[in-house]
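Here's the structure we're looking at; comments come further down.
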Amino acid sequence: MAELNVTLPDGSRRVFPEGATALDVARGISPRLADAAFAAKIDGRLRDVYLPLPGDCHIEIVTNRCADALDIYRHSCAHLMANAVKELFPEAKIAIGPTIENGFYYDFDRPEPFQPEDLAKIEERMEEIISRDTPIRREEMPWEKARDLFEKEGEPYKAELAFERGQNEPVSIYRQGQFNDFCRGPHLPSTGKIKPGTFKLLSVAGAYWKGDEHNKMLQRIYATAFLSAKELEEHLARLEEAKLRDHRKLGKELKLFHIDEDVGPGLILWTPAGATIRQELQNFISEELRKQGYAQVFTPHIGKLTLYKTSGHFPYYKDSQFPAIVAPESLAVALEENCSCAELMNRVEAASARLAASVNERAGREVIGAGQVMPDDQLLDGFLLKPMNCPHHIKIFSSQPHSYRDLPVRLAEFGTVYRWEQSGELNGMTRVRGFTQDDAHLFCTEDQVGAEVRGCLSLVKIIFGTLGLADYRVRVGLRDPDSKKYTGTADNWDKAEEACRDAARTLGVPFTEEPGEAAFYGPKIDFIIRDVIGREWQLGTVQVDYNLPIRFDLTYTGADNAMHRPVMIHRAPFGSMERFVGILIEHFKGAFPLWLAPEQVRLLPIADRHVSYCNTVAENYRAAGLRVSVDSRPEKTGYKIREAQLQKVPYMLVAGDREVDAGAVSVRALKGGDLGVRPSGEFLETLRGRVAKRTLELE
RNA sequence: GCCGGCAUAGCUCAGCUGGUAGAGCAGCUGAUUCGUAAUCAGCAGGUCCGCGGUUCGAGUCCGCGUGCCGGCUCCA
């Protein structure tokens, strides 16, 4: 009988008869190991423990101590959940059920919606299936057989997957009792290996089959699982904890902003406290811009459609803009002709298409809607709430001739833009319909592109560093070679993409290159951060653009006395004030550093006779530029302190007889508690120093 | 936009199977003058998101709309 030579992780070798399984190997080491085996890693590849070993090999038994264990465990939980759903709701069709970062989900197609109370029933059934300790077994077969099997079982989604993924090689299915799933594996050897109390079904959500909105919408059940009940509890506690720092909750509690149904969804009203934070941030960035040679400009909130036809924003991005504002004269003429709303929009679009045709030709781009023809007298123009600031800034640049000696020209503006985000996308301050970008556009020579992009990136780094934002990732967004949504020539795209890559390399932080993530006019470098519930948001962005300069026919005179085309760079280190402040609220959990805190100091007189002293101290602090209030209500000190703590005021200065006599204040820090008595003037200087340096520490 | 859930006082929430609303905090008034996270008492506060419908009767049931929440899709 043939033998197998098996090498263990510690380098030792053992011999087993042919047909031995990983489980046999584990048993040979210890019964406990065999019992704890999730799967086996054979020559570096994960396999099920009960399968015969393929030959001589290196083997490692995967237990709950291994890095791969959690993923296997969760995936088996996903099957367990689908198994339970099929038992409770036999009419449900199963789709896909992968593991994700903090758990797993499974998609089902079922006529009736899952109700939240169904989740508990499913969990219960999962535990029941665990108690059956049903073996989970892999079976390999040709894809046709798998497809037929799933078709016979009335599982069209699985049959489709078998067809799509199988074509070239045999596929595998996993069976546990009556439940079959199309799956690569590996899995735990039986349902009894899953421990009750280590998983939790979290929510039901809609999700399109294969992520395509043209496909049917399925029902997705999100869940999580950990290797121990303790870890699950910890994770659930973290989720609860995260909810407490949600900017929507804190924004309300700390009165930082308000969204009013009557003003409109996605439109932020900055209340005084939030406005203070925003103003401080704008002051900060303005200082940095002056240091880096930017010029500040102001532009209006609207622009003629013509402008956006030239830029390419209209009508291409029509669906994500507020509808055009038609000029009153044009509207009157159209009304006289009994022109319907639809017809009116037709005329606006036809006019834009005609103009876009000539511009697009220059930009070397396929023309959109060029087929429409309309008599000139029916062409309408109107205005658009600006979706971007660049066209206005471009017009400032092109309002006068430029020599290469002028370049780079850096125009900055806190410019407010409006975009018609889909209603389902709106989210607190992080996804809104009107927002202010800390925008700037740099116009430079081709030779200057690298240095300018690097300058922009260093600005982002300074800003993130000052605010202590360290947990972000950097994405270099490149064009998707298969898509036609881009404007401009391949040659210019190649140059721009290379410039971005180069600049990113000099950044000193890891970055990923992601095709399909470019803007329609050029590649970009984005700084992406997560909110409290793990959603990613793009904040700072730097974008290289060879195309808008062509569309607007921008020029400068070179040293050779010939006309040259400048390159544009779009950049916004915060991205938008709304989103950035939303993220900052969560980052600081509402406890802003001194320089940003809406209220920096609160004076707390012990009794009425100390109020006038506190008012005097407050005046001194205000004169020095600090934001100070006095809590003169006839409440006990403990009460006032509790309130100031909840409102996250960085410093509370308590004053009673002792302090009045000494001209001092008793300092209590939001973080750090009682710091003892300090001379009032001395402490003022300490605070001024911290504000000037924009330090993060509150102690 | 799509799927699901939710909407009661300024805030957080209670209100069983239909019988025209309640608490805590906040607010106001008064008393208390107090030393590092809640002093006591009284008062006031609600078109139960909006519009229809079913019913003798709707906060509660049904339909439509609006907004919010989670997810999907999208994000120049």
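No hydrogens, no waters, no symmetry mates; every other heavy atom, side chains included, goes into these values. Numbers restart at 1 for each chain; the letters A, B, ... are given by sequence-line order, proteins then strands.
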What nucleotide, of [options], holds the atom closest to the side chain of [X]?
X        : options             : result
A:Tyr639 : B:U39, B:C74, B:U36 : B:U39
A:Lys252 : B:G35, B:G67, B:U12 : B:U12
A:Lys636 : B:C34, B:U33, B:C74 : B:C34
A:Ile606 : B:G67, B:G70, B:C34 : B:C34
A:Arg633 : B:U36, B:G27, B:U33 : B:G27
A:Asp608 : B:G4, B:U33, B:A76  : B:U33
A:Arg668 : B:A37, B:U73, B:A76 : B:A37
A:Met388 : B:G70, B:A76, B:A37 : B:A76

Contact class for [X] vs. all strands (heavy atom < 4.0 Å): base, sugar-phosphate, or nothing?
X        : answer
A:Ala207 : sugar-phosphate
A:Tyr317 : base
A:Arg658 : base
A:Leu202 : nothing
A:Glu643 : nothing
A:Arg579 : nothing
A:Glu635 : base
A:Gly211 : sugar-phosphate
A:Asp212 : nothing
A:Gln645 : base
A:Pro265 : sugar-phosphate
A:Gly424 : base
A:Pro634 : base
A:Arg419 : base

What interatomic distance, in whole Å, is found between [atom1] of [M] and the corresponding atom of [N]?
N     : M     : atom1 : answer
B:U32 : B:U36 : P     : 22 Å
B:A76 : B:C3  : P     : 25 Å
B:G65 : B:A9  : P     : 24 Å
B:U17 : B:C13 : C1'   : 22 Å
B:A7  : B:U33 : C1'   : 44 Å

**Minimum heavy-atom distance A:Asn389-A:His441, with the two atoms named** = C-CE1, 4.0 Å

**Message:** Let me spell it out: for each of A:Tyr521 and A:Tyr222, pick the nucleotide of RNA chain B with the closest heavy atom. Which residue's pick is nearer the 5' end?
**Reply:** A:Tyr222

Please check the phosphate of [N] (OP1 and OP2 only) for any side-chain N or O of [X] closer than 4.0 Å.
X        : N     : answer
A:Asn215 : B:U73 : no
A:Arg248 : B:C69 : yes
A:Ser423 : B:G1  : yes
A:Gln321 : B:A76 : no
A:Arg609 : B:C34 : yes

**Request:** Tell which nucleotide pairs with B:U60, taking only Watson-Crick or G-U wobble pairs whose two distances are both under 3.5 angstrom.
**Result:** none

**Prompt:** Quick one: NE2 on A:His247 to CG on A:Asn427, what's the gap to the nearest 0.5 Å?
**Reply:** 6.0 Å

**Prompt:** About how many Å separate CD1 of A:Ile394 and OG1 of A:Thr310, when rounded to the nearest 0.5 Å?
**Reply:** 9.5 Å

Can a salt bridge be assigned to the pair [X] and [Y] using a cut-off of 4.0 Å between side-chain N and carboxylate O?
X        : Y        : answer
A:Lys648 : A:Glu253 : no
A:Arg530 : A:Glu101 : yes
A:Arg431 : A:Glu425 : yes

**Message:** Run A:Lys243 and A:Asp246 through salt bridge (charged side-chain N to carboxylate O under 4.0 Å, His left out) and show every step you take.
**Reply:** CA-CA 5 Å; A:Lys243 279 187 201 157; A:Asp246 189 312; over 6 Å; no

**Prompt:** Rounded to the nearest Å, what distance is computed from the CD atom of residue A:Gln219 to the C1' atom of nucleotide B:G70?
**Reply:**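 Rounded to the whole Å, the gap is 14 Å.
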
